[in-house]
Amino acid sequence: MRQFLMRRLALMVPTFFLALTAVFVLVRVVPGDAVTLLLDSSQYSQQEADQIREQLGINESIPVQYAKFMQQVLSGDFGTSIWTGQSVMNVLLTERLPRTLELTFFASVFGVLIGIPAGILAAMRQDSLWDYVVRTIGVAGLSIPGFWLGTMVLTMPSIWWGWTIPIGYKSFGEDPTTHLQQILVPALVMSVALSAVLMRMTRSMMLEVLRQDFIRTANAKGLPGRLVIVRHALRNAMLPLVSIIGVQVAVLLAGTVIYENVFTLPGVGSYLYEGVNRRDYPVVQGVTVMLTVAVILVNFVVDISYRLIDPRVRV
Amino acid sequence: MQSEATILVAPNVRKVSGPGVWARWILRFMRQKPLGGFGLVFIVILVLTALFAPVIAPHDYSERTGAALADPSADHLMGTDKFGRDLFSRIVYGSRATVKIGLGAAALATATALVIGMTSGFIGGWYDTIVQRLVETIMSLPGIVIVLSVVAFAGGGETTTLLVLGFLAAPGMSRVIRGATIQVRDAQYIEAARAVSASTPRLILRHTLPNIVAPTVVVGTLAVGNAILAEAALSFLGFGVNPPTPSWGQELNASGRTYFQIAPHLAIFPGVAISLAVFSFNMLGDALRDVLDPRLRNT
């Protein structure tokens with residue numbers, strides 16, 4: 001196990017390097033630069049623009065910019081926001097990230113709690129009404145845009161019952177009930193797409209496993225149906241699900257840009273949105289790198305847990 | 001394991017062209033897969049709407065033709081927005097952005113994925129290893145975040161959206177195409193073509209490509225749905241299609257949100273349009289997969 005961990009950690013170094021290089025290339029290769037856009041959209045003078053360019057280091061050549069970018073990444077210092085003057089890293093770590101992590105955590109929990117049991121039940125009663133319902137929700141959940149679902153959840157209850165999520169973010173310490181509404185409702189909306197994916201996957205994995213010989217043996221030796229499902233079928237069907245959950249958590253993390261915007265939650269996603277809107281270059285860069293690193297870390301954890309569940313896996 | 005018979009039959013021997021054959025195939029497909037058939041019909045309607053938008057829309061999309069925030073009526077089928085513009089006409093015109101970016105990004109993604117996947121699968125070796133490392137890396141990036149940071153630097157707009165969505169979708173699709181290529185690569189007809197000294201490009205284009213059409217069509221169809229969803233999300237955030245060009249995601253934008261409680265039709269119709277379009281492509285993709293390539297069912 002220790003050897004496995006070491007090897008996996010060593011593999012992460014080139015992955016980080018490649019991913020961050022990809023971020024740099026994708027963002028810089030596109031024509032135009034942030035400051036030109038800043039000039040177009042606001043009141044900056046040419047001189048101020050040059051000053052900002054110099055401050056941001058985007059007046060340099062591409063290789064120099066790349067070196068600086070990597071240096072920033074390694075030191076974890078993304079500079080200060082053009083708009084507020086606050087340290088990007090500081091704002092991210094102390095204010096924004098905890099809220100986003102909380103939101104993503106609850107969304108994943110809801111997704112798993114809804115998606116997996118629904119998929120198991122659908123597989124156990126194939127072609128029943130329940131199976132049909134699960135399959136339909138499985139496709140619909142992937143087709144309905146999350147931002148629309150969120151908008152509807154904000155709009156319709158207020159028309160029908162006069163209820164809305166309290167406006168103005170409150171931390172748990174300040175006002176627990178307000179905070180829980182502000183986090184749990186968006187988390188539930190976010191979990192819809194995740195549970196749809198999990199329902200579909202669980203159902204098809206379970207159907208495949210249930211057809212195997214060892215399930216017939218377990219049934220034949222008179223094991224109670226519940227034990228056959230939990231101990232024999234589910235354990236084998238879980239393996240591919242773990243990697244799916246990993247990928248989906250990464251999708252959720254990136255999706256906070258949209259959901260935090262819909263529900264006006266001041267997390268990492270809204271920070272990026274504000275940054276893009278204001279052409280606040282250090283903020284955009286800081287958030288992008290942070291989310292990329294977070295996604296790589298999630299994948300790492302998934303690989304490790306995969307190995308824990310299935311000892312056959314080798315690197 | 002392929003059976004003896006399928007190996008011996010050379011590809012493209014059966015005549016599969018002509019309008020009659022196509023019509024019969026589509027009819028049988030609709031009977032076998034009613035939901036996929038529904039998707040296909042809706043997609044045809046969607047494309048026709050985009051093509052003939054000026055004929056179908058009763059009003060111009062930017063013209064103030066009624067009272068602001070009016071409820072749906074005979075003159076304004078879906079009501080009017082905050083400026084009194086006809087929502088139905090805006091949705092009809094908005095289908096143009098959906099079709100253009102949805103199909104465009106998916107086409108770009110499919111073409112890119114074919115180049116990456118087929119060369120990687122066919123050539124193999126160190127080339128495959130390097131390409132797959134890059135593919136994995138790009139796949140592990142948080143997609144929408146990358147799109148947004150590109151937009152922050154280059155500005156939004158239809159062309160940027162189409163290009164970025166297309167290129168980011170390609171690596172994931174190339175995985176499926178690479179897998180299919182590897183399965184075909186060792187077939188006897190490839191060996192036979194190689195024996196008569198066909199060049200590698202010829203082996204790839206003439207002998208491999210026609211045999212991986214099925215999985216390509218499936219992932220391509222599903223990619224359209226994803227591209228439509230991504231375009232809607234971007235336009236919703238205000239970075240996709242730029243006003244005054246209407247787009248469905250834009251109608252749900254924050255600037256209109258204050259009015260949704262007074263005029264819920266403004267929120268309902270664009271969302272239903274997006275959902276139906278994505279649902280249609282997803283259903284068609286799923287159905288095509290079942291019919292054309294049952295092996296892919298779990299991907």
Side-chain angles (χ1 to χ4, degrees), chain A residues 14-15 18-19 21-23 26-34 37 40 139-140 142-149 151-152 154-156 158-159 164 201 204-205 208 240 247 250-251 253-255 257-258 261-262 269 272-273 275-277 279-281 284-285 287-288 291-292 294-296 299, chain B residues 35 133-134 136-156 160 163-164 167-168 222 225-226 228-230 232-234 236-239 248-249 252 254 257 260-262 264 266-268 270-272 274-283 286 297-298:
Chain A
T15 309
L18 264 177
T21 307
V23 168
L26 279 169
V27 171
R28 300 300 159 93
V29 149
V30 196
D33 80 41
L37 284 164
D40 287 348
V139 185
L142 289 180
S143 308
I144 296 173
F147 64 86
W148 182 56
L149 203 63
T151 308
M152 295 312 273
L154 284 176
T155 310
M156 297 325 268
S158 80
I159 293 177
T164 43
M201 277 305 288
S204 62
M205 290 326 303
E208 216 168 288
V247 173
V251 172
L253 216 47
V257 181
I258 294 165
N261 180 274
V262 174
L272 177 62
Y273 175 77
V276 175
N277 250 340
R279 311 284 174 205
D280 198 340
Y281 187 92
V284 174
Q285 188 152 292
V287 175
T288 309
L291 284 177
T292 308
V295 168
I296 296 175
N299 285 332
Chain B
L35 271 175
R133 278 312 280 181
L134 288 175
E136 269 165 38
T137 307
I138 297 182
M139 277 173 75
S140 72
L141 296 179
I144 183 109
V145 175
I146 304 296
V147 177
L148 276 184
S149 47
V150 170
V151 165
F153 285 81
T160 321
L163 290 177
V164 179
F167 279 117
L168 280 179
L222 295 172
N226 287 334
I228 292 177
L229 216 48
L234 274 178
F236 165 76
L237 290 176
F239 303 121
W248 296 346
L252 293 162
R257 214 183 289 163
F260 290 164
Q261 286 173 19
I262 318 163
L266 286 179
I268 294 171
V272 170
I274 302 167
S275 306
L276 266 179
V278 180
F279 184 75
S280 299
F281 279 102
N282 282 347
M283 285 322 294
D286 271 5
R297 205 163 284 172
N298 283 329

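Because the structure is a prediction, the values reported are computed rather than measured. Scope of the values below: all heavy atoms of this structure, side chains included, with no hydrogens, waters or symmetry mates. In the text below, chain A, chain B and the rest are named by the order of the sequence lines, each starting its count at 1.
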Exercise. Of the non-hydrogen atoms in B:I268 and A:M152, which two are nearest, and what is the gap between them?
Worked result: CG1-CE, 3.4 Å
Problem set entry | Closest non-hydrogen atom pair between A:S143 and B:F279, with its separation | OG-CA, 3.2 Å
Problem set entry | A:V295 side chain near B:L141 side chain, heavy-atom distance below 4.5 Å | no
Exercise. Just by distance, do the side chain of A:W148 and the backbone of B:A267 share a donor-acceptor pair under 3.5 Å?
Worked result: yes
Exercise. Checking heavy atoms, do the side chain of B:F239, its backbone, both or neither come under 4.5 Å from chain A?
Worked result: side chain
Problem set entry | Heavy-atom closest pair, residues A:A254 and B:I144 | O-CG2, 3.3 Å
Exercise. Given a strict heavy-atom distance threshold of 4.5 Å, which part of A:L272 is in contact with chain B: side chain, backbone, both, or neither?
Worked result: side chain
Seminar exercise, completed: When the 4.5 angstrom heavy-atom criterion is applied to B:L163 and chain A, the contacting part is neither
For this session: Examine whether an atom of B:D286 lies under 4.5 Å from a heavy atom of chain A, and if so say whether it belongs to the side chain, the backbone or both; otherwise answer neither.
Result: side chain
Exercise. Given a strict heavy-atom distance threshold of 4.5 Å, which part of A:V262 is in contact with chain B: side chain, backbone, both, or neither?
Worked result: both
For this session: Heavy-atom pairs under 4.5 Å with chain B are the metric here; pick the option from A:L154, A:I296, A:N277 that has the most.
Result: A:N277
Problem set entry | Residue A:A250 versus chain B: region with a heavy atom under 4.5 Å | neither
Exercise. Heavy-atom distance under 4.5 Å between the side chains of B:V145 and A:V257, does that happen here?
Worked result: yes
For this session: To the nearest 0.5 Å, tell me how far A:T15 OG1 sits from B:E136 CD.
Result: 8.0 Å
Seminar exercise, completed: For A:Y273 and B:L237 the tightest heavy-atom approach is CE1-O, 3.3 Å
For this session: Sort A:T151 into side chain, backbone, both or neither according to what part of it lies under 4.5 angstrom from a heavy atom of chain B.
Result: side chain
Problem set entry | Nearest atoms (heavy-atom pairs only) where B:L148 meets A:V276 | O-CG2, 3.7 Å
For this session: Check side chain to side chain donor-acceptor pair (under 3.5 Å) between A:N299 and all other residues, then give those that pass, not counting sequence neighbours.
Result: none
